[in-house]
Amino acid sequence: AYFNRGTTKDTLKDYSGAITDYSKAIKINPRFALAYSNRGNTKSRLKNYSGAIDDFNKAIEINPKFAYAYSRRGVVKYFLKDYPGAIADYNKAIEINPSSAKAYSNRGNIKSELLKNYSGAIADYNKAIEINPKFAKAYYNRGSVKIISKDYSGAIADYNKAIEINPKFANAYLNRG
């Protein structure tokens, strides 16, 4: 009951209430990996990154095959500018769950933005799109890398696809021109 209420409070942006309820669920069941992971997500929304990392670490300790916890910890490591750590977490998430489009896309973001590995980024976005053909953000990100690579017609096609999937995707319109 506390876990479900925590999830609802998180959705309603009552983050402190969500953390309280997730903590109560964990007190009842200290091996509840998903409660730790959700509490970590909520802490990261409040920019309590060290607390979030602690919760993701605990979720992974309880369930070493919890791909989502690795992926979410990767996001927090990205915010903390621990890019090698973020890549390692995305790699582990993909190893455990090769059908995680979000992990491929997030890894692609680091490859393109920070490592300037554009071909690697495109490969990750391609995989994310193969897994989830309705992933507008992956088309958008791939289009942005294609601009850098001077593949302008490919970029426009990707922005058009992102807009087709999500007609309210303002940045896709902006980049497409």
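Bear in mind the structure is a predicted one, so any value in this text is a computation, not a measurement.
- Counting only distance, with no hydrogens or angles, the side chain of Lys116 and the backbone of Glu113 share a donor-acceptor pair below 3.5 Å.
- Closest non-hydrogen pair, Gly108 versus Ala121, comes out as O-CB, 3.4 Å.
- Asn41 places a side-chain heavy atom less than 4.5 Å from the side chain of Phe56.
- Criterion: ILVMFWY side-chain heavy atoms under 4.5 Å apart, direct or through other members. Under it, Ile94 and Tyr70 are not part of a common hydrophobic cluster.
- With a 4.5 Å cut-off on side-chain heavy atoms, Arg72 and Val75 count as touching.
- Looking only at side-chain heavy atoms (C-beta outward), Asp14 and Ser16 come within less than 4.5 Å of each other.
- The distance from the CD1 atom of Ile28 to the OG atom of Ser23 is 11.0 Å, given to the nearest 0.5 Å.
- Between the NZ atom in Lys137 and the OG atom in Ser144 there is a gap of 8.0 Å [rounded to 0.5 Å].
- Tyr140 and Ile165 fall into different hydrophobic clusters, where Ile, Leu, Val, Met, Phe, Trp and Tyr side chains are chained together by heavy-atom contacts under 4.5 Å.
- Here the straight-line distance linking atom OH of Tyr83 with atom CD1 of Ile87 works out to 11.0 Å at 0.5 Å rounding.
- Tyr22 has its side chain out of reach of Tyr2: every pair of non-hydrogen atoms, C-beta onward, lies at least 4.5 Å apart.
- Once rounded to the nearest 0.5 Å, the distance linking CD1 of Ile19 with NZ of Lys43 reads 6.5 Å.
- Electrostatic pairing of Arg45 and Asp10 counts as a salt bridge here, judged by a charged N lying under 4.0 Å from a carboxylate O.
- Across all their heavy atoms, Ser99 and Asn97 have their closest contact at OG-OD1, 2.7 Å.
- The backbone N or O of Ala101 lies less than 3.5 Å from no partner atom in the side chain of Ser105, so there is not a single donor-acceptor pair.
- When only modelled atom types and interatomic distance are considered, Asn63 and Tyr68 share no side-chain donor-acceptor pair under 3.5 Å.
- Among the candidates Lys9, Arg39, Lys27, the single residue satisfying the salt bridge (charged side-chain N to carboxylate O under 4.0 Å, His left out) test with Asp21 is Lys9.
- In this structure the side chain of Ser71 never reaches within 4.5 angstrom of the side chain of Phe66, judged on heavy atoms.
- The same ILVMFWY cluster, assembled from side-chain heavy atoms under 4.5 Å apart, contains both Tyr90 and Leu114.
- A distance of 11.0 Å separates CZ of Phe169 from CG of Leu174, quoted to the nearest 0.5 Å.
- Looking at heavy atoms from C-beta onward, Lys146 lies in side-chain contact with Ile122 at the 4.5 angstrom threshold.
- Atom CZ of Arg31 and atom NZ of Lys58 lie 7.0 Å apart (nearest 0.5 Å).
- Residues Tyr104 and Leu115 do not share a hydrophobic cluster, clusters being chains of Ile/Leu/Val/Met/Phe/Trp/Tyr side chains in contact below 4.5 Å.
- Clustering ILVMFWY residues whenever any of their side-chain heavy atoms sit less than 4.5 angstrom apart, transitively, puts Ile110 in a cluster other than the one holding Ile148.
- Across Asp55 and Gly40, no two heavy atoms sit closer than the pair OD2-N, 3.5 Å.
- Between Ser44 and Phe79 the shortest side-chain heavy-atom distance does not fall below 4.5 Å.
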